[in-house]
Amino acid sequence: MTKLTGTCLCGDISFEADGEVPVMANCHCTACRHSTGSAYATLMFMKQDDVKVTGTPKTFQHSSDAGTTMTKHFCENCGTPMFTQNSAREGMLGLRAGIINEHEEFSPKVNVYTSSKMKATILEDGIPAFEKMPG
Ligand SMILES: [Zn+2]
Ligand SMILES: [Zn+2]
């Protein structure tokens with residue numbers, strides 16, 4: 001069990017999570033780079049039921065390259081990207097690791113979409129990297 005807490009920059013939205021984190025990943029896809037404004041997204045996927053959100057994030061939906069519906073959750077007031085959902089992974093919520101107070105818990109196990117990573121991003125040796133999303 002991993003207990004995690006976090007807030008957006010202004011504090012309007014916060015969350016508490018308690019449960020397994022089966023997926024920890026860095027995603028270098030173009031949508032993650034644009035929606036986070038970062039070189040890549042840091043993601044901790046948990047069961048949505050294990051995450052209690054206080055406040056109401058604004059959402060934005062777009063299609064992934066696989067044709068699934070992606071939903072981004074962010075603070076309407078300060079713009080902090082907080083959560084992401086993929087219609088192909090029903091019931092799972094991706095937490096942006098950068099907003100988590102217990103950030104020492106984040107240890108990515110995989111890099112995905114390295115085909116669209118920024119040139120300047122150096123990948124850590126010793127964790128697998130995939131050009132796209134591994135099947
Ligand atoms: Zn905020
Ligand atoms: Zn991505």
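Counting starts at 1 for both ligands and their atoms, following the listed order.
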Exercise. Is the backbone of Ser14 close enough, under 3.5 Å, to the side chain of Thr7 for a donor and an acceptor to pair up by distance?
Worked result: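 No: the side chain of Thr7 does not pair with the backbone of Ser14.
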Problem set entry | 2.8 Å cut-off met by an N, O or S atom of Cys32 to the Zn ion (ligand 2) |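 Within the cut-off used here (under 2.8 Å), Cys32 does place an N, O or S atom near the Zn ion (ligand 2).
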Problem set entry | side-chain contact (heavy atoms from CB on, under 4.5 Å) between His28 and Leu123, worked out | CA-CA 10 Å; His28 302 262; Leu123 297 178; 3.6 Å; yes
Exercise. How wide is the angle at the Zn ion (ligand 1) between SG in Cys8 and SG in Cys75, to the nearest 10°?
Worked result: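 Rounded to 10°, it measures 110°.
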Exercise. What angle, in degrees and rounded to 10°, do you get at the Zn ion (ligand 1) when you join it to SG of Cys10 and to SG of Cys78?
Worked result: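 For SG of Cys10 and SG of Cys78, the angle centred on the Zn ion (ligand 1) reads 120°.
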Exercise. Can you find a side-chain donor-acceptor pair between Ser107 and Lys109 that sits under 3.5 Å?
Worked result: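 Yes - a donor-acceptor pair under 3.5 Å links their side chains.
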Exercise. Should we count CD of Glu105 as having more than 12 external heavy atoms under 6.0 Å?
Worked result: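 For Glu105, atom CD is crowded (more than 12 foreign heavy atoms under 6.0 Å).
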